[in-house]
2 protein chains.
Amino acid sequence: MKTNSILRQIREQLEASGHRLTPQRETVVKALLQSGKRHLSAENVFMESKRLLPDIGLATVYRSLELLESLNVVYKLEYGDGQSRYELNPGSDEHYHHHLICLECGAITEFNHDLLEEIEGKIRAETQFVVTDHCLRFFGYCKKCRASIDKSPEGSVT
Amino acid sequence: MKTNSILRQIREQLEASGHRLTPQRETVVKALLQSGKRHLSAENVFMESKRLLPDIGLATVYRSLELLESLNVVYKLEYGDGQSRYELNPGSDEHYHHHLICLECGAITEFNHDLLEEIEGKIRAETQFVVTDHCLRFFGYCKKCRASIDKSPEGSVT
DNA sequence: CTTATTGCAAAAGTTTTGCACTATA
DNA sequence: TATAGTGCAAAACTTTTGCAATAAG
């Protein structure tokens with residue numbers, strides 16, 4: 001169980017910035033950790049946290065997520081459905097998981113690739129902007145849905 | 001002025017799906033077209049539309065954007081600040097503008113690159129998922145903010 | 001004791017919905 | 001005259017904030 005080492009590191013980051021790792025904050029981290037799926041809405045985090053620490057309040061969850069996000073411990077993601085999702089900062093090995101979102105069935109799958117490093121180098125060279133993270137989503141049609149779509153004339157994309 | 005041809009095409013798409021190009025919907029499209037900057041919040045679109053058609057209502061703007069989005073005439077974007085942005089479906093030539101978002105000052109600049117085509121080809125080969133669009137955002141620190149940040153030990157990113 | 005943190009409830013902000021009215025085929 | 005579409009206001013939702021109470025150094 002690497003939970004402890006993760007928590008230790010987070011405690012250090014918090015204390016380095018003058019904050020404490022309170023039971024509530026620890027619970028929020030655990031909620032994110034425990035959940036198999038990685039992208040929880042604030043409400044999801046709240047419910048999960050509530051199970052671990054029944055007295056925790058929703059505002060505290062939001063405040064914890066905000067604080068952890070400012071420390072880059074947590075990433076905030078937007079799926080475009082009106083609510084934010086949160087995930088623990090995945091280690092460098094998971095930095096390159098991107099999402100394939102099917103416009104037909106809505107399925108979200110992951111695709112790993114590190115070709116972005118090239119682009120990031122180019123960005124740095126051309127704009128002096130140093131990339132520390134990125135969010136890449138591809139929209140299109142998954143294999144399954146492509147099979148059921150054979151009506152449109154421009155169906156054979158590129 | 002290619003506005004008319006754009007509107008004609010949108011009218012066709014609307015009618016093909018059993019809807020009309022009402023003055024309100026036309027105004028929403030014009031608002032998106034006229035605005036130099038491309039990413040308007042719903043409120044922005046509303047204000048712009050209001051200027052063109054004073055009696056238009058906010059709900060109508062939302063409903064128009066929703067409808068146009070369902071026809072892929074409009075794209076809905078999330079910046080992560082709690083409100084959606086909208087842009088007209090940019091032609092293929094503008095398909096590759098990506099965003100550089102500074103974590104320090106929040107500035108959003110654009111970066112154009114087509115290296116994603118390689119990745120998209122790979123995705124298609126490996127997963128049978130056909131990409132029709134993508135959303136790529138890079139997070140990091142812009143030149144200006146990097147200059148003012150020289151405290152953190154790991155400041156010299158990569 | 002002094003300050004950070006919390007929970008609750010209220011507030012704020014964005015987006016959606018109900019409904020009567022209007023315009024259009 | 002049916003039906004899609006609209007404007008207004010209310011409602012719904014997510015997120016933030018004010019504040020008194022609590023916990024921790």
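Throughout, a chain's letter reflects where its sequence line sits, starting with A, and its residues are numbered from 1.
When the side-chain nitrogen and oxygen atoms of B:T60 are compared with OP1 and OP2 of D:dG7, one or more of them lie within a distance under 4.0 Å. Residue A:R63 has no polar side-chain atom (N or O) positioned under 4.0 Å from OP1 or OP2 of C:dT6. At the phosphate of D:dA23, neither OP1 nor OP2 sits under 4.0 Å from any side-chain N or O atom of A:R20. Within the structure, every side-chain polar atom (N or O) of A:Q24 is placed at least 4.0 Å from both OP1 and OP2 of D:dA23. In this structure, B:T22 reaches the D:dT6 phosphate: one of its side-chain N or O atoms is under 4.0 Å from OP1 or OP2.
Put simply, CD1 on B:I56 is 11 Å from P on D:dC8, counting in whole angstrom units. Spacing between atom CZ of A:F46 and atom C1' of D:dT14 amounts to 13 Å, rounded to whole angstrom units. Across the protein-nucleic acid pair, A:D55 atom CG and D:dA21 atom P stand 17 Å apart, rounded to whole Å. At whole-Å resolution of the value, CG in B:L21 and P in D:dA4 are 17 Å apart. Atom CD of B:E26 and atom P of C:dT24 are 12 Å apart (whole Å). Taking atom CG of B:L53 as the reference point, atom P of C:dT22 lies 17 Å away to the nearest angstrom. What separates CD of B:E15 from P of D:dA4 is a distance of 15 Å, to the nearest Å. Counting to the nearest Å, the C1' atom of D:dT6 and the CG atom of B:L14 are 15 Å from each other.
Atom NZ of B:K30 sits in a sparse spot, with 12 or fewer heavy atoms from other residues, nucleotides or ligands closer than 6.0 Å.
When every heavy atom of A:G57 is checked against every heavy atom of A:F46, the shortest pair comes out as C-CE1, 3.5 Å.
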Do A:L40 and A:R85 pass the side-chain contact (heavy atoms from CB on, under 4.5 Å) test, and can you show the C-alpha distance, the side-chain angles, and the key distance before you say yes or no? CA-CA 5 Å; A:L40 300 179; A:R85 308 301 166 99; over 6 Å; no

Is there a side-chain contact (heavy atoms from CB on, under 4.5 Å) between A:V61 and A:T27 once you walk through the steps? CA-CA 9 Å; A:V61 168; A:T27 298; over 6 Å; no

Run the numbers on A:L7 and A:E26 for side-chain contact (heavy atoms from CB on, under 4.5 Å), then give the verdict. CA-CA 7 Å; A:L7 285 173; A:E26 187 171 322; 3.8 Å; yes

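The 5' end of DNA chain C is approached more closely, in terms of each residue's nearest nucleotide, by A:G18 than by the other of A:G18 and B:A59.
Between the side chain of A:R11 and the main chain of A:R20, no donor-acceptor pair closer than 3.5 Å is present.
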Taking N or O atoms only and anything under 3.5 Å, show me the protein contacts with nucleotides 12-15 of chain C, one pair per line.
unit_1 : atom_1 : unit_2 : atom_2 : d
C:dT14 : OP1    : B:Q83  : OE1    : 2.8
C:dT15 : OP1    : B:S84  : N      : 2.8
C:dT15 : OP1    : B:S84  : OG     : 3.4
C:dT15 : OP2    : B:Y62  : OH     : 2.3
C:dT15 : O5'    : B:Y62  : OH     : 3.1

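Classification of B:R63 and B:E66 as a salt-bridged pair fails, no side-chain N sitting under 4.0 Å from a carboxylate O.
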